[in-house]
Amino acid sequence: MYKNLKEMTDYADRLNMTVGAFNMHNLEMLPDMIRAAKEVGVPIVIQTSIDTAKYIGYDVIVAVCKQMADNNLVDVALHLDHARDFDAIKDAIEAGYSSVMFDGSNLPFKENIAKTKAVVNYAHQRGVSVEGELGTIGGTEEGISVAEDDKEYTRPKDAVTFVSETGVDALAVGIGTNHGQFKSKTNVKVSLLKEIHSVVDVPLVIHGGTGVKEEDYSELINNGIRKFNVGTELLVNWTDTAKEKFGATEVNKSLRHNIIPCNEKVKEIVKHKLTLFMNIDSSLK
Ligand code: 13P
């Protein structure tokens with residue numbers, strides 16, 4: 001079924017697992033991402049940036065997700081990632097996205113609260129879930145951390161105020177992860193996650209999942225992570241496969257010969273991550 005994020009994180013919470021949230025980078029890879037979830041037998045969150053949504057069309061992405069959710073007997077939520085623009089959030093909700101992120105992490109604390117709260121009011125009236133962000137997620141270029149000094153970790157005390165004032169359904173936390181880190185792995189501050197988890201009762205979200213060590217997954221899930229974002233790993237592998245395939249193919253060969261292997265690579269990664277996200281080895285809460 002087509003669901004919102006809250007329904008999915010409630011499910012994940014009951015089973016002490018995390019929902020996998022994967023950034024789609026083109027329309028080609030989308031069906032195989034959803035098929036991966038069906039094969040593993042777990043829900044999936046598909047997420048897009050505003051730019052990806054605009055390039056493909058919000059309504060086109062919604063149509064594919066809804067159609068596949070209904071026909072494939074798998075639960076799918078469609079989430080707008082890192083929106084800082086209320087108009088884009090309105091466009092996504094109007095088109096049928098079931099979840100949105102308002103990223104006010106660059107704003108002063110009070111303004112982040114006020115703007116996130118406005119998005120929550122708007123979205124909840126329409127049955128749509130909202131993820132907020134407090135603290136910052138670093139960024140990397142080719143595995144080298146940039147603006148490391150500007151990174152702000154989430155303060156547990158602020159998280160309590162933020163969650164109670166805004167009513168968000170999920171909270172993205174700054175605990176040392178970096179977006180776009182695919183050549184190296186980060187050291188996540190698990191002790192900080194534990195502190196945050198002990199004071200707020202809301203599903204927590206990992207951003208920059210590509211740069212997180214797989215051996216850390218279980219500890220993160222056991223400490224409140226209920227949505228785990230992975231984007232760059234899919235992008236890099238799709239592109240690498242495309243380079244290899246297109247580079248070796250005659251120009252008049254059907255595109256299928258090159259694109260199917262790229263999508264299959266993405267499917268393989270999504271299945272692998274979703275299997276780990278079930279947190280099977282860890283006992284139920
Ligand atoms: P990566 O692209 O680093 O995996 O991060 C994804 C993400 O957090 C999207 O918001």
Side-chain angles (χ1 to χ4, degrees), residues 5 8-9 18-26 29-30 33 36 44-53 61 77-85 88-89 92 97 99-106 116 119 129-148 151-154 168-189 193 203-214 216-217 220-221 225-240 265-266 268-274 276-277:
L5 180 64
M8 291 206 171
T9 54
T18 183
V19 166
F22 299 92
N23 291 76
M24 55 176 276
H25 301 274
N26 61 17
M29 65 173 71
L30 176 58
M33 294 165 75
I44 185 166
V45 178
I46 299 294
Q47 50 190 20
T48 74
S49 63
I50 294 174
D51 286 345
T52 298
I61 301 171
L78 178 58
H79 175 84
L80 186 69
D81 197 23
H82 287 289
R84 291 188 161 159
D85 171 10
I89 286 177
Y97 275 55
S99 178
V100 294
M101 174 182 193
F102 177 71
D103 177 0
S105 60
N106 60 328
T116 305
V119 171
S129 309
V130 179
E131 175 184 336
E133 178 171 327
L134 199 55
T136 52
I137 319 293
T140 64
E141 217 59 74
E142 301 267 292
I144 297 159
S145 196
V146 290
E148 186 70 29
K151 223 196 261 182
E152 242 183 64
Y153 293 97
T154 304
V168 285
D169 302 290
L171 178 67
V173 286
I175 55 169
T177 60
N178 303 296
H179 282 125
Q181 182 174 8
F182 68 97
K183 292 197 169 167
S184 60
K185 296 290 171 193
T186 194
N187 289 319
V188 183
K189 284 187 183 295
L193 176 66
L204 302 175
V205 183
I206 279 284
H207 280 249
T210 299
V212 176
K213 298 176 198 132
E214 291 189 344
D216 288 343
Y217 287 4
L220 297 172
I221 296 166
I225 293 300
R226 296 289 175 251
K227 175 173 180 274
F228 200 119
N229 292 0
V230 179
T232 302
E233 193 166 339
L234 308 184
L235 170 67
V236 168
N237 280 278
W238 200 98
T239 306
D240 271 349
K265 188 75 201 164
V266 164
E268 185 190 309
I269 297 165
V270 173
K271 281 180 74 172
H272 173 69
K273 299 285 177 194
L274 286 175
L276 296 176
F277 291 163

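One-based numbering, in listed order, for ligands and for the atoms of each. Since this is a predicted model, take the numbers as computed values, not measurements.
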**Request:** Walk me through it: do Phe277 and Val230 pass the test side chain to side chain contact (heavy atoms under 4.5 Å, CB included)?
**Result:** CA-CA 12 Å; Phe277 291 163; Val230 179; 4.2 Å; yes
Counting from 1 in the order shown, the ligand 1 atoms closer than 4.0 Å to a non-hydrogen atom of His82 are 10 (O)
min-distance protein heavy atom vs atom 3 (O) of ligand 1 -> Gly180 N, 2.7 Å
query = Polar-atom distance check: His179 versus ligand 1, any N or O pair below 3.5 Å?
reply = yes
Note: ligand 1 atoms sitting under 4.0 Å from heavy atoms of Thr232 are 1 (P), 2 (O), 3 (O), 4 (O)
Atom 8 (O) of ligand 1: closest protein heavy atom, distance to 0.1 Å, is Gly208 N, 2.8 Å
When rounded to the nearest 0.5 Å, the distance separating CD1 of Ile61 from CG of Leu78 is 6.5 Å
Val188 and Thr177: CA distance, side-chain angles, deciding distance, side chain to side chain contact (heavy atoms under 4.5 Å, CB included) verdict:
CA-CA 6 Å; Val188 183; Thr177 60; 4.1 Å; yes
Contact check: Ile206 vs ligand 1, nitrogen or oxygen atoms, below 3.5 angstrom: no
ask   = Would you say the side chains of Thr18 and Tyr217 form a donor-acceptor pair under 3.5 Å?
value = no
So, is Gly211 polar-close to ligand 1, with some N/O to N/O distance under 3.5 Å?
no
If you scan protein heavy atoms around atom 4 (O) of ligand 1, the nearest is Thr210 OG1, 2.5 Å
Establish, for the pair Lys273 and Phe22, whether the NZ or CZ atom is under 6.0 angstrom from the six-membered ring centre and no further than 45 degrees off its axis.
no
In ligand 1, the atoms that come under 4.0 Å of a heavy atom of Gly231 are 1 (P), 2 (O), 4 (O), 6 (C)
Taking only non-hydrogen atoms of Gly209 and a 4.0 Å limit, the atoms of ligand 1 in range are 4 (O), 5 (O)
Subject >> Heavy-atom gap Asn178 to ligand 1 smaller than 4.0 Å >> reply: yes
Near Val230 (heavy-atom distance under 4.0 Å), the atoms of ligand 1 are 4 (O)
To the nearest 0.5 Å, atom CG of Asp85 lies from atom CG of Asp103 at 12.0 Å
For Glu152, does its backbone N or O pair with a side-chain atom of Thr136 as donor and acceptor, under 3.5 Å? yes
For Asp81, the ligand 1 atoms with a heavy-atom partner under 4.0 Å come out as 9 (C), 10 (O)
Checking His82, Lys227, Glu133 against His207 for side chain to side chain donor-acceptor pair (under 3.5 Å), the one that qualifies is His82
(request) In plain terms, say whether Lys271 and Glu268 are close enough for a salt bridge, that is, a side-chain N and a carboxylate O under 4.0 Å apart. (result) no
Per-atom filter on ligand 1: closer than 4.0 angstrom to a heavy atom of His207 are 8 (O), 10 (O)
Fill in: side chain to side chain contact (heavy atoms under 4.5 Å, CB included) evaluation trace for His272 with Glu233
CA-CA 12 Å; His272 173 69; Glu233 193 166 339; 5.9 Å; no
Note: Glu233, heavy atoms under 4.0 Å from ligand 1, region reported as neither
